[in-house]
Amino acid sequence: MRNTIIRSIVVITISFTIMLGTLNTIFSQQLSDPNFNANVAKPAFTKKHPKVLFDEAHFNFHTASGRYKAFADLITSDGYRVTPNKQKFSEDSLKSYDVLVIANALGAESLSDSKASNPAFTDEECDAVRDWVRSGGSLLFITDHHPTGGCRESCQAIRRRMSDSTVLDEAEANHLKGYFEVNLEFRRDNQLLIEHPITQGRDASERVNRVVSFGGQSLRGPTGSVGFLKLGGTAIDILPSKQRASAAGRFQAIAMKFGKGRVVVTGEAGMLSAQLVPEAEGQPPTSPWGMNFPGVDNRQLALNIMHWLSGLLK
């Protein structure tokens with residue numbers, strides 16, 4: 001029996017290593033979907049236009065003109081005014097903005113660099129962001145699997161809250177059928193999509209019923225936070241060391257109020273993008289990935305997150 005268990009663990013570990021290698025090769029070819037419809041028929045902001053600072057100063061894998069162009073275009077259509085950030089965070093650089101968006105900041109330019117998982121921000125930058133949020137700013141902090149979770153060590157507000165792993169769920173009801181088990185489904189019928197103003201929206205037309213994530217890490221929210229994308233009881237974290245740990249009771253998205261401000265943290269970035277990736281290694285990038293995936297409410301989720309951060313949703 002013991003040998004059978006050991007063999008099973010070895011097979012699972014090897015299979016997962018191969019899967020990650022395939023995923024890393026495929027993901028390196030991610031492209032923003034040029035055909036994504038970012039038009040918002042009824043913009044939330046037509047008179048007042050909240051100002052969004054989109055970070056591009058920390059080796060960010062996602063930028064407003066790159067892999068997160070669809071997100072930037074979507075919120076611009078909704079009435080936000082987006083400005084790319086090219087400098088370190090400080091009181092002066094943040095003071096004129098309402099929302100700060102940070103997507104997959106890194107400690108080095110290349111994902112393959114061993115320093116990529118180093119802290120992306122200085123302690124002084126984290127202090128500036130903390131004080132700005134406490135005074136009424138709102139932060140959308142988007143992370144992903146290793147190495148993009150490494151910046152956690154620098155910011156006290158989220159320190160030790162991120163697994164810096166890759167989370168999967170082998171239960172059929174909890175991952176996208178026919179895809180890798182890291183592609184997780186959050187639905188009302190599997191009880192992983194939690195009631196919150198972000199998932200409810202302002203009315204029935206904005207209600208979120210199905211969200212898919214595309215491979216990321218797990219999060220544990222601090223006291224007072226609310227997780228709205230819950231991981232199933234069978235979810236597993238695969239650590240960079242390839243060790244497995246239960247991710248039950250953890251989340252892939254949390255929301256919290258901090259002082260006068262608000263924070264949303266996600267453990268996966270693809271769900272709020274609209275990209276094209278290859279179906280398999282060596283093929284052209286044509287497969288939808290994110291808000292452009294058919295049959296999901298990720299697009300509305302992105303709008304609702306921004307509406308909550310800007311105070312439109314209470």
**Request:** May I have the step-by-step check of side chain to side chain contact (heavy atoms under 4.5 Å, CB included) for Lys260 and Arg134, ending in yes or no?
**Result:** CA-CA 5 Å; Lys260 296 180 181 179; Arg134 182 180 286 157; over 6 Å; no

**Message:** Checking Arg188 against Glu195 for the salt bridge (charged side-chain N to carboxylate O under 4.0 Å, His left out) test, could you report, in this order, the C-alpha distance in whole Å, the side-chain angles of both residues, the deciding distance, and whether it holds?
**Reply:** CA-CA 9 Å; Arg188 295 186 183 277; Glu195 290 292 337; 2.4 Å; yes

**Prompt:** Yes or no on salt bridge (charged side-chain N to carboxylate O under 4.0 Å, His left out) for Lys95 and Glu91, after CA distance, side-chain angles and deciding distance?
**Reply:** CA-CA 6 Å; Lys95 65 181 180 182; Glu91 180 181 357; over 6 Å; no

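Remark: side-chain polar atoms of Asn190 are paired, donor with acceptor, to backbone N or O of Glu185 under 3.5 angstrom. Checking side-chain atoms of Gln87 against main-chain N and O of Ser93 turns up no donor-acceptor pair under 3.5 Å. The closest donor-acceptor contact from the side chain of Asn298 to the backbone of Met271 lies under 3.5 Å. Not one N or O on the side chain of Arg210 forms a donor-acceptor pair closer than 3.5 Å with the backbone of Leu193. Here the side chain of Asp237 pairs no donor or acceptor atom with the backbone of Leu239 at under 3.5 angstrom. Judged by distance alone, with hydrogens and angles left aside, the side-chain atoms of Trp132 form a donor-acceptor pair with the main-chain N or O of Leu94 at under 3.5 Å. Side-chain atoms of Ser77 do not come within 3.5 Å of backbone N or O of Asp73 as any donor-acceptor pair. Between the side chain of His58 and the backbone N or O of Ala105, no donor-acceptor pair lies under 3.5 Å. Remark: the backbone N or O of Ile194 is paired with a side-chain donor or acceptor of Thr199 at under 3.5 angstrom. Remark: the backbone N or O of Leu53 is not paired with any side-chain donor or acceptor of Asn85 at under 3.5 angstrom.
Under the 6.0 Å distance and 45° angle rule, Arg220 does not count as a cation-pi partner of Phe251. With Tyr97 as the aromatic partner, Lys51 meets the cation-pi criteria of under 6.0 angstrom to the ring centre and within 45 degrees of the ring axis.
Using a 3.5 Å distance cut-off with no hydrogens or angles, the side chains of Gln243 and Ser241 do pair a donor with an acceptor. In this model, a donor atom of one side chain and an acceptor atom of the other lie less than 3.5 Å apart for Ser287 and Glu279. Residues Gln252 and Ser213 have side chains that bring a donor and an acceptor to within less than 3.5 angstrom of each other. Of the N and O atoms on the side chains of Thr143 and Gln217, at least one donor lies less than 3.5 Å from an acceptor on the other residue. Judged by distance alone, the side chains of Ser205 and Asp203 do bring a donor and an acceptor atom under 3.5 Å apart. Looking only at atom types and distance, the side chain of His307 has a donor-acceptor partner in the side chain of Asp78 under 3.5 Å away.
What you find for Thr286 and Leu276 is that their closest heavy atoms are O-CD2, 3.7 Å. When all heavy atoms are compared, the tightest approach of Asp55 to Ala57 is OD1-N, 3.1 Å. When every heavy atom of Phe214 is checked against every heavy atom of Gly270, the shortest pair comes out as CD1-C, 4.1 Å. When every heavy atom of Pro240 is checked against every heavy atom of Ser165, the shortest pair comes out as CD-CA, 4.5 Å.
Here the OG-CD1 distance, from Ser218 to Ile238, works out to 11.0 Å after rounding to the nearest 0.5 Å. The line from NZ of Lys69 to CZ of Phe36 is 10.5 Å long, rounded to the nearest 0.5 Å. To the nearest 0.5 Å, atom CG of residue Leu192 and atom CG of residue Leu184 are 8.5 Å apart. For the atom pair Thr122 OG1 and Phe89 CZ, the distance stands at 9.5 Å (nearest 0.5 Å). Note that the NE2 atom of His62 and the CG atom of Leu106 stand 9.5 Å from one another [nearest 0.5 Å]. Atoms CE and CZ, on Met162 and Arg250 in that order, are 10.5 Å from each other to the nearest 0.5 Å.
Hydrophobic clustering (side-chain heavy atoms under 4.5 Å, transitive across Ile, Leu, Val, Met, Phe, Trp, Tyr) groups Phe121 together with Val265. A single hydrophobic cluster is not seen to contain both Trp308 and Val226; linkage of ILVMFWY side chains at heavy-atom distances under 4.5 Å, directly or through other members, places them apart. Both Leu100 and Phe258 are assigned to one and the same hydrophobic cluster, defined by single-linkage of ILVMFWY side chains at heavy-atom distances under 4.5 Å. Under the 4.5 Å side-chain heavy-atom criterion for Ile, Leu, Val, Met, Phe, Trp and Tyr, Phe61 and Phe59 are members of the same hydrophobic cluster. The cluster map of Ile, Leu, Val, Met, Phe, Trp and Tyr, joined by side-chain heavy atoms under 4.5 Å apart, puts Val101 and Leu312 in the same cluster.
A salt bridge does not link Glu125 with Arg130: every distance from a Lys NZ or Arg NE/NH1/NH2 to an Asp or Glu carboxylate oxygen is 4.0 Å or more. Taking the charged nitrogens against the carboxylate oxygens, Asp189 and Arg187 do have a contact shorter than 4.0 Å, which makes a salt bridge.
Remark: aromatic rings of Tyr179 and Phe293 are close, center separation under 6.0 Å. Residues His175 and Phe180 keep their aromatic ring centres 6.0 Å or farther apart.
Screening Val211, Ile254, Val208, Val264 against Phe228 for a side-chain contact (heavy atoms from CB on, under 4.5 Å) leaves a single residue, Val264. Partner of Met306 under the side-chain contact (heavy atoms from CB on, under 4.5 Å) criterion, chosen from Leu272, Leu74, Ile75, Leu313: Ile75.
Scanning for ring pair (Phe, Tyr, Trp, His ring centres under 6.0 Å) contacts around Phe45 gives Tyr80, with sequence neighbours left out.
Atom CD of Gln283 has more than 12 neighbouring heavy atoms from other residues, nucleotides or ligands inside a 6.0 Å radius.
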